[in-house]
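Everything on this sheet refers to the single structure shown next.
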Protein chains: 2
Amino acid sequence: MANNNELEQYLKLIKELDSDNNCPVRSALEMIGGKWKLRILAQLLRKEVVRFNELKRDLSGITNTMLSNSLRELENDCLITRKQYNEMPVRVEYNITDRGKNLLPTIYELNIWWDDFITSS
Amino acid sequence: MANNNELEQYLKLIKELDSDNNCPVRSALEMIGGKWKLRILAQLLRKEVVRFNELKRDLSGITNTMLSNSLRELENDCLITRKQYNEMPVRVEYNITDRGKNLLPTIYELNIWWDDFITSS
DNA sequence: CTGCATCCAAGGCGATACTG
DNA sequence: CAGTATCGCCTTGGATGCAG
């Protein structure tokens, strides 16, 4: 991993992080935590626009309650947007925001790390 | 964020990820999840070697039970190592492994993401 | 000093039924 | 179609006391 310059930069960051409250890393993790949020975000990254029941079908096993709650929280955190069309029956579309898309490098790094982890064990 | 090449690479990854089980990203997150593990790892990244009660003092608010459980799980996952010296009284030293150190780029990306998130809101 | 055993509270998560 | 309401389980995490 990384060269020495990067390593030093990383360690410098770690030393500056708040070890108790207001740690940006933990805040970020909380925002995408929970059992379903990452799957929802991944699906929205794949599809750009998804409807409620479509998402429910895509995420095998999720219940109405959890999908509804997760979507609302993700919307409150500005990671996704919700558009409601008052047709009959109602149509609602969810899509990911730029902030949501900005998670891609992090997801990428997590994937790299896990791959290294597996291949070296 | 990122140029178009990187973006495409990231999206390609997302599309290949297992949307149900065995997703490497979720597996990685589970391994560093929970209330205290990230703080423990951060402290070990700062100090290289730490003893039990020293760590307990550093992590304000953690209980014996949680520190003990977290340390054992981190050791089982090969993110830290435990060395016991049978002196009197017993002395135990914990330090981070290379696998643990490899988390640095991920933590760095999470920090970047959160900073962008905050400054653009 | 370094933990483990036990008990307890809170919240995440799920099943089911129902509504505009 | 897109949710909400209610209920209940089970896991996570905390408090306390004890042990090698």
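Every chain is numbered from 1 and lettered A, B, ... according to where its sequence line falls, protein lines coming before strand lines. Remember, it's a predicted structure, so these values are computed and weren't measured experimentally.
Side chains of Glu93(B) and Asn95(B): no donor on one and acceptor on the other come within 3.5 Å. Asn111(A) and Glu109(A) form no side-chain donor-acceptor contact under 3.5 Å, judged by distance and modelled atom types alone.
Inter-residue side-chain proximity for Tyr94(A) and Glu75(A) is flagged as unmet; no heavy-atom pair is nearer than 4.5 Å.
A close approach under 4.0 Å does occur between a side-chain nitrogen or oxygen of Tyr94(A) and OP1 or OP2 of dG3(D).
Nucleotide dA2(D) holds its C1' atom 17 Å from the NZ atom of Lys83(A), rounded to whole Å. Rounding to whole angstrom units, CG of residue Leu67(A) and P of dT4(D) are separated by 10 Å. Lys37(B) has its NZ atom 13 Å from the C1' atom of dG13(D), to the nearest Å. For Glu87(A) and dG3(D), the CD to C1' distance is 16 Å, given to the nearest whole Å. Straight-line distance from the CE atom of Met66(A) to the P atom of dA5(D): 16 Å, rounded to whole Å. Rounded to whole Å, the distance from NZ on Lys35(A) to P on dT12(D) is 11 Å.
The pair Lys12(B)-Glu16(B) meets the salt-bridge criterion, with a side-chain N (NZ, NE, NH1 or NH2) lying under 4.0 Å from an Asp/Glu carboxylate O.
Tracing side-chain contacts under 4.5 Å through hydrophobic residues (I, L, V, M, F, W, Y), one never reaches Val49(B) starting from Ile14(A); they form parts of separate clusters.
Under the 3.5 Å distance criterion, the side-chain polar atoms of Trp36(B) are left unmatched by any main-chain donor or acceptor of Thr63(B). Checking side-chain atoms of Thr97(A) against main-chain N and O of Cys78(A) turns up a donor-acceptor pair under 3.5 Å. Checked by atom type and distance alone, the side chain of Ser68(A) never pairs as donor or acceptor with a backbone atom of Thr65(A) at under 3.5 Å. With hydrogens and angles disregarded, a donor-acceptor distance shorter than 3.5 Å links the side chain of Thr119(B) to the backbone of Asp116(B). Within the 3.5 Å criterion, the main-chain N or O of Ser120(A) finds a donor-acceptor partner in the side chain of Arg99(B).
Chain B approaches DNA chain C within less than 4.0 angstrom (heavy atoms of the protein), and the contacting nucleotides run 5' to 3' from dC1(C) to dA5(C).
The shortest heavy-atom contact between Lys37(A) and Gly33(A) is CD-O, 3.3 Å. Taking each heavy atom of Val92(B) and Gln84(B) in turn, the nearest pair found is CG2-CG, 4.1 Å. For the pair Ser70(A) and Met66(A), the tightest heavy-atom approach, listed with the atom from each and the gap, is OG-O, 2.7 Å.
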Exercise. For every nucleotide of nucleotides 15-20 of chain D, 5' to 3': is a protein heavy atom under 4.0 Å from its base (B), only from its sugar-phosphate (S), or from neither (-)?
Worked result: BB----
Problem set entry | Intermediate values then yes/no, side-chain contact (heavy atoms from CB on, under 4.5 Å), Leu71(B) and Leu55(B) | CA-CA 10 Å; Leu71(B) 286 171; Leu55(B) 202 45; 3.9 Å; yes
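Between Trp114(A) and Phe117(A), the angle of the ring planes stays under 30°, which puts this pair in the parallel group of the 30/60° scheme.
Two end axes, each from the C1' atoms of five base pairs, can be drawn for the helix from dC1(C)-dG20(D) to dG20(C)-dC1(D); they diverge by 50°, to 10 degrees.
Shown for residues 40-59 of chain A: residues whose heavy atoms fall under 4.0 angstrom of DNA chain D, namely Arg51(A), Phe52(A), Asn53(A). Near DNA chain C, defined here as any heavy-atom distance below 4.0 Å, the residues from residues 68-77 of chain B are Ser68(B), Arg72(B), listed numerically.
Taking the salt bridge (charged side-chain N to carboxylate O under 4.0 Å, His left out) definition, one finds that Lys47(B) meets it with Glu54(B), Asp58(B), sequence neighbours left out.
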